[in-house]
2 protein chains.
Amino acid sequence: MSRAPLTDPEHAPVSDSAAGDTERALAHAAEHCEAHGARFTKARRRVLALLLAQQQPLTAYQLLDLLREHQPGAQPPTVYRALDFLMRNELVHRIESTNSYLPCNHQHCGHHPARDAHWPQFLLCDSCGETREVPLDGALRQALTLQARDYGFEVGARPLELHGLCAACRKA
Amino acid sequence: MSRAPLTDPEHAPVSDSAAGDTERALAHAAEHCEAHGARFTKARRRVLALLLAQQQPLTAYQLLDLLREHQPGAQPPTVYRALDFLMRNELVHRIESTNSYLPCNHQHCGHHPARDAHWPQFLLCDSCGETREVPLDGALRQALTLQARDYGFEVGARPLELHGLCAACRKA
DNA sequence: GCCTAATATGTTATAACATATCAATTCATT
DNA sequence: AATGAATTGATATGTTATAACATATTAGGC
Ligand SMILES: [Zn+2]
Ligand SMILES: [Zn+2]
Ligand SMILES: [Zn+2]
Ligand SMILES: [Zn+2]
C-alpha cells in the first residue's frame, strides 16, 4: 500500500477553517465522552486530533510515527488502545480493506438515533485514495436487508466498504 | 480469531459425495486454467484441494500448516503464491474482514459471462462462522450502483462482505 | 534433442499489522 | 490519605503478508 504524505496538526499549520473544524470535532468528542461517562484523555485526544488533521485514513503505524513527534516513547499499544477507545465510542472507524482508520464524520448524528443506528458506508476511490463516509440508508439499506433475508440471514450494522472510482478520477 | 477444526483431504476421509464434489471442482479448475493458458501446477492444485476440503474459510497460515503435512518445507510464500494465482483465476476469494480464503462456488458460471461479471457477495455469520457466497445481482446490485452514482462514484466489482446471523443461529 | 526465455518454486529475511502481560501511574470516591 | 478502577508505560510476542534472490521446471523455436 502506498499512501499520501501526512499532516501533523501542531507542526504543519492548516487552513483556519480546517483547524476550526478540528477544534469543533474535538469539542464534540469531549462532550460525547462526558455524556457517556468515558474519559477523553490527552492520549486519546491527541490520536483523534492527528486523524482529524488528515485528508485520508491512516494506518496505526503511520499514526504512531506522527504521535512520536510529540511523544517519542509511544509504542504500538499506545495507538491501538486509543483507537479501540475511539472506535468503541464511535468517534473513529476502521477500514478493513485497507487496515486504516479515520474519524467518523457524524452524518448519523441527529437522525432517528434509536431506530436508525449508525450504519456507515465508505466509498473508497482505488485511484486517489479518497475515502468518503456516507449513510447507509434508503433503497440500498432496504435492498441489503431484504436480499440477505432471502438467504435466511439477518444482517448487522457493520460498515460497508465499496471500492471504485471517485468523480474526479472518473473524468481523468 | 478462533476457528473450527480443520480437515486434511488426504488424511481425514470425508463423505463420498464431498470427495466427489472436490474432484469435480478440481477438474473444473484444471479446465478453466487450461482454457486461459494458466498452469494448474501440483502446488496450486494442492492448495485448492485443501480449501475445498473445508467447510469454512482458512487463513493463509492454517493452510500452511495443512500443506506442511505433505510438504514439510513449505513456507509462507508457497501458500501466498498459490493463493495469488487462484485468486487471479477467480478460483478462490479472499475475505477481507477475516483475512481468510475460500474457494469460489462458481455461482457466476453460465450467467451472462460478459454483461454480468463475477461480483460476489459473502454472507458471514458472526456466531457460527458460516460463510456463504451468493451472487450480487438484481435489486441490490442496482441500488448499490445507483446510490454510489449519487455521490459521483463508479463502483467496481469487488466482493461485498455482509456480517450478521445465519438462519440457524437466529433461531438459537 | 538442445537452447533459451519465461514461469514457477525454494529459501531466507523482513515488513506490516495487532495483541498479551504485567508493572506503574492516575483518578474518582470514600 | 486509603481504596479500587481505569489508564498508561514497557517489553515481548503473535499474526498476516511481501521482498529479494537463487534454483528448478516448462514451453516453444531451432
Ligand atoms: Zn460514522
Ligand atoms: Zn479518486
Ligand atoms: Zn466466486
Ligand atoms: Zn450461524
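Fair warning: this is a prediction, and the values are worked out from it, not measured in the lab.
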* To do: Kindly work out whether a path of hydrophobic side-chain contacts (I/L/V/M/F/W/Y, heavy atoms less than 4.5 Å apart) joins A:Leu160 to A:Leu124.
  => no

* To do: Ignoring backbone atoms, establish whether A:Tyr80 has a side-chain N or O less than 4.0 Å from OP1 or OP2 of D:dG9.
  => no

* To do: Verify the contact: side-chain N or O of B:Asn99 to OP1 or OP2 of D:dA17, cut-off strictly under 4.0 Å; return yes or no.
  => yes

Report the distance from atom [atom1] of [X] to atom [atom2] of [N], rounded to the nearest whole Å.
| X | N | atom1 | atom2 | result |
| --- | --- | --- | --- | --- |
| B:Asp84 | D:dT18 | CG | P | 7 Å |
| A:Arg68 | D:dA10 | CZ | P | 12 Å |
| A:Arg46 | D:dG9 | CZ | P | 8 Å |
| B:Gln62 | D:dT16 | CD | P | 8 Å |
| B:Phe40 | D:dT25 | CZ | C1' | 18 Å |
| B:Glu34 | D:dT26 | CD | P | 15 Å |
| A:Leu83 | C:dA16 | CG | C1' | 15 Å |
| B:Ile95 | D:dT16 | CD1 | P | 15 Å |

* Going 5' to 3' along nucleotides 3-10 of chain C, which nucleotides have protein heavy atoms under 4.0 Å from the base (write B), which only from the sugar-phosphate (write S), and which from neither (write -)? -> ----SSBB

* Of the candidate nucleotides C:dC17, D:dT16, D:dT18, which contains the atom at the shortest distance from the side chain of B:Arg94? -> D:dT16

* **side-chain hydrogen bond (donor to acceptor under 3.5 Å, both in side chains) against A:Gln71, all qualifying residues, sequence neighbours excluded** => A:Arg46

* Report yes or no: is there a donor-acceptor pair, N or O only, under 3.5 Å between the side chain of A:Tyr61 and the base of C:dA15? => no

Listed partners of [X] passing side chain to side chain contact (heavy atoms under 4.5 Å, CB included), at least two apart:
| X | value |
| --- | --- |
| A:Ala168 | A:Cys166 |
| A:Arg88 | A:Asp84, A:Phe85 |
| B:Ala167 | none |

Donor-acceptor pairs are to be reported for all side-chain atoms of residues 73-82 of chain A against protein atoms at under 3.5 Å, with residues two or more places apart or in another chain.
{"unit_1": "A:Gln75", "atom_1": "NE2", "unit_2": "A:Gly73", "atom_2": "O", "d": "3.3"}
{"unit_1": "A:Thr78", "atom_1": "OG1", "unit_2": "A:Gln75", "atom_2": "N", "d": "3.0"}
{"unit_1": "A:Thr78", "atom_1": "OG1", "unit_2": "A:Gln75", "atom_2": "O", "d": "3.1"}

* Asked: Going by heavy atoms closer than 4.0 Å, what residues in residues 124-132 of chain B are next to DNA chain D?
  -> none

* Asked: What side chain to side chain donor-acceptor pair (under 3.5 Å) pairs are there with at least one residue in residues 120-131 of chain A, not counting sequence neighbours?
  -> A:Gln121-B:Gln147, A:Asp126-A:His163

* Please work out which of the three classes, parallel, tilted or perpendicular, describes the rings of B:His118 and B:His93, given edges at 30° and 60°. => tilted

* **Residue pairs involving residues 142-155 of chain B (criterion salt bridge (charged side-chain N to carboxylate O under 4.0 Å, His left out); sequence neighbours excluded)** => A:Arg170-B:Glu154, B:Arg149-B:Glu154

